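Atoms within each ligand, like the ligands themselves, are counted from 1 in listed order. Since this is a predicted model, take the numbers as computed values, not measurements.
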Amino acid sequence: MAAKNFDMIVIGAGPGGYVSAIRGAQLGLNVAVIERENLGGICLNWGCIPTKALLRSSEVFHLMHRAKEFGLSAEGIGYDLDAVVKRSRGVSKQMEGGVKHLLKKNKVTVIMGEATVPAKGKVSVKTDKGTEELTAMNIVLATGARARNLPGLEADGDRVWSYRHALVPPHQPKKLLVIGSGAIGIEFASFYNTLGADTTVVEVMDRVLPVEDADISAFAKKQFVKQGMKILEKSVVKQLDRSKDKVTAHIETGGKIVKEDFDTVISAVGIVGNVEGLGLEALGVKIDRTHVVTDEFCRTGIDGLYAIGDIAGAPWLAHKASHEGVMVADLIAGKHAHPVKPESIAGCTYCHPQVASVGYTEAKAKELGYTVKIGKFPFIGNGKAVALGEPEGMIKTVFDAKTGELLGAHMVGAEVTELIQGYVIGRQLETTEEDLMNTVFPHPTLSEMMHESVLDAYDRVIHM
Ligand SMILES: Cc1cc2nc3c(=O)[nH]c(=O)nc-3n(C[C@H](O)[C@H](O)[C@H](O)COP(=O)(O)OP(=O)(O)OC[C@H]3O[C@@H](n4cnc5c(N)ncnc54)[C@H](O)[C@@H]3O)c2cc1C
């Protein structure tokens, strides 16, 4: 049988791949997308969305405990973990169905199966009905990433979990060790800690949320500790001794090895790109550790072969994957394409309190040689935050003292994952401190603190 030909074949239907396929089809290309597991990829099924559904349950649970503060009463507050998980899975299922509908509406051919790239312009797909051979001038690799397994700390799905197990827990953790305090680790720590697990977080770097601005990490840590979490920084889990109902962790901390028993461990020590088994080596695709090397337009150096999203390296974020997907489809269709500027991509962490940031931290800006102006504003000075019962938080802005360019913005507190986009737009439009100071922010909103933080950088703050 002759191979089916397409203008563009996308391998992987995560937020990189399915968005790229839709954009390609919108531009008139004949597009196929191949997926071996779930439409929507990790993001919709095992990442962004189901974690946020879980965290919403723990947030509501937390608020119910605070009912009295709001003049309300709530008795017999409890939860059913199975029901919490069932809701989260239901949300994912709904989103997956949405992607299926969108692909159909845009006339994208969906093939469920495992793809390889046996030669330039060729894709072979193993489906449950056999192998399909396809050809295309343009192939987009969007195969994503999976949890990193460190030797000795491998997830087993029993007592030691990866994020996949933590999303559909086989039991309820009572004494939990989370290894790694990046976004994934700290979100699960926050979720299970709020549900009552005695939670310890071990971080090898000198602070939790190590990619965030140091002030934000310090603020968040204080809140986590207040909530009962134990945080061990500059510490390393050296060994896990697994037995039927417990795991003994050997933790190097403060210059000695401490042994402690846990009933559950979540290993959140990073991710690795899905680069294997595709045939990339034979094609001559450059791979750096576990990621495909690309230029700013996601080109691999092999004619007609692109790599987007998590497989193409940091930042490992869904919106970065989607943006690259659109850019590549534009490029293939001969449109003007805008490369992604990593320093203008916001990172959001949905722990309690939330954390969000864009651009350079204060330390990074200084390291790059900028003379900076720093603004800070605390949630306690904002009427809406106090009215919401969320007075703990802060917004920090970093400006180039010479030009007034907003170099970075860093937030911790309620709803900051929604607020950060205001600064992202500001950076995209290349606003200066003057534009931001002259912008009128609605009252009462949390966004007023974004204004005040800028005013503070220029000694014009009002409510502090
Ligand atoms: C627990 C968790 C929480 C997260 N939370 C957030 C968040 O809040 N915000 C955020 O921006 N990011 C978050 N992320 C990261 C986000 O999920 C990823 O950045 C995003 O999914 C990357 O998209 P992608 O399209 O590159 O790859 P993926 O979403 O990983 O999709 C790749 C797809 O390719 C398929 N595939 C792989 N190989 C083949 C093959 N050979 N043939 C066919 N199909 C194949 C896979 O089955 C998969 O469906 C989170 C991640 C995790 C794990």
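Atom numbering of ligand 1 starts at 1 in the shown order; those under 4.0 Å from a heavy atom of Glu114 are 41 (N), 42 (N). The atoms of ligand 1 that sit less than 4.0 Å from any heavy atom of Asn38 are 49 (O). Taking every non-hydrogen atom of Gly113 and a distance limit under 4.0 Å, the qualifying atoms of ligand 1 come out as 42 (N), 43 (C). For ligand 1 and Gly144, the ligand atoms under 4.0 Å from any heavy atom of the residue are 26 (O), 27 (O), 28 (P), 30 (O), 32 (C). Listed by number with element, the atoms of ligand 1 under 4.0 Å from a non-hydrogen atom of Cys43 are 17 (O), 21 (O), 29 (O). Of all atoms in ligand 1, listed by their number and element, those nearer than 4.0 Å to a heavy atom of Ala145 are 30 (O). Those atoms of ligand 1 that come under 4.0 Å of a heavy atom in Ile34, given as number and element, are 43 (C), 44 (N). Set against the non-hydrogen atoms of Ala321, the atoms of ligand 1 under 4.0 Å away are 23 (O), 26 (O).
Considering only non-hydrogen atoms, atom 23 (O) of ligand 1 lies nearest to Pro15 out of Ala183, Ser322, Pro15, Gly17. For atom 32 (C) of ligand 1, the candidate residues are Gly12, Ala13, Ala142; the nearest heavy-atom contact is made by Ala142. The nearest non-hydrogen atom to atom 4 (C) of ligand 1, considering only Gly309, Ala318, Cys48, comes from Cys48.
Contact annotation: for Ile184 versus ligand 1, heavy atoms closer than 4.0 Å belong to the side chain alone. Contacts of Thr349 with ligand 1, taken as heavy-atom pairs under 4.0 Å, are absent altogether. Counting heavy atoms under 4.0 Å from ligand 1, residue Lys52 touches it through the side chain alone. Of the heavy atoms in Tyr350, only side-chain atoms (C-beta onward) come closer than 4.0 Å to ligand 1.
Classified by interplanar angle (parallel below 30°, tilted 30° to 60°, perpendicular above 60°), the ring pair Trp316/His291 is tilted.
Between Arg36 and ligand 1, at least one N/O pair is under 3.5 Å apart. Some N or O of Leu317 is nearer than 3.5 Å to an N or O of ligand 1, by distance alone. Looking at Asn274 next to ligand 1, no N or O pair under 3.5 Å apart turns up. At least one N/O-N/O distance between Asp310 and ligand 1 falls below 3.5 Å. The shortest N or O to N or O distance between Gly16 and ligand 1 is under 3.5 Å. Polar contact with ligand 1: present for Ala115 (N/O pair, distance under 3.5 Å).
A salt bridge links Glu114 with Arg36: at least one charged nitrogen is closer than 4.0 Å to a carboxylate oxygen. A salt bridge links Lys175 with Glu260: at least one charged nitrogen is closer than 4.0 Å to a carboxylate oxygen. The residues Lys100 and Glu96 are annotated as not salt-bridged, no charged nitrogen and carboxylate oxygen being separated by less than 4.0 angstrom. With respect to Glu448 and Lys384, no salt bridge is recorded, no charged nitrogen being found less than 4.0 Å from a carboxylate O. Using a 4.0 Å cut-off between charged nitrogen and carboxylate oxygen, Arg164 and Glu37 count as a salt-bridge pair.
In this structure, the protein non-hydrogen atom closest to atom 48 (C) of ligand 1 is Glu35 OE1, 3.5 Å. Among all non-hydrogen protein atoms, the one lying nearest atom 15 (C) of ligand 1 is Trp316 O, 3.6 Å. Here the protein heavy atom with the shortest distance to atom 28 (P) of ligand 1 is Ile42 N, 3.7 Å. The protein atom (non-hydrogen) at minimum distance from atom 31 (O) of ligand 1 is Gly14 CA, 3.4 Å. Protein heavy atom at the shortest distance from atom 2 (C) of ligand 1 is Gly47 CA, 3.4 Å.
Remark: the Thr361 side chain and the His410 side chain contain no N/O donor-acceptor pair separated by less than 3.5 Å.
Heavy atoms of Trp46 come nearer than 4.0 angstrom to ligand 1 in at least one pair.
With Ile34 as reference, Leu134 is the one residue of Val10, Val110, Leu134 to meet the side-chain contact (heavy atoms from CB on, under 4.5 Å) rule. Checked against Arg159 for a side-chain contact (heavy atoms from CB on, under 4.5 Å), the options Asp245, Leu240, Val265 give a single hit: Asp245.
The main-chain N or O of Ala414 is never found under 3.5 Å from a side-chain atom of Glu390 such that the two would form a donor-acceptor pair. Not a single donor-acceptor pair under 3.5 Å links the side chain of Tyr350 to the backbone N or O of Leu55. In this structure, Asn106 contributes its side chain and Arg23 its backbone to no donor-acceptor pair below 3.5 Å. Between the side chain of Ser217 and the main chain of Leu209, a donor-acceptor pair closer than 3.5 Å is present.
Distance CG/Leu63 to NE2/His352: 7.5 Å, rounded to 0.5 Å.
Of all non-hydrogen atoms in Gly152 and Arg242, the two that sit nearest each other are O-NH2, 3.1 Å.
Shown here is Glu276, whose CD atom has more than 12 heavy atoms of other residues, nucleotides or ligands within 6.0 Å.
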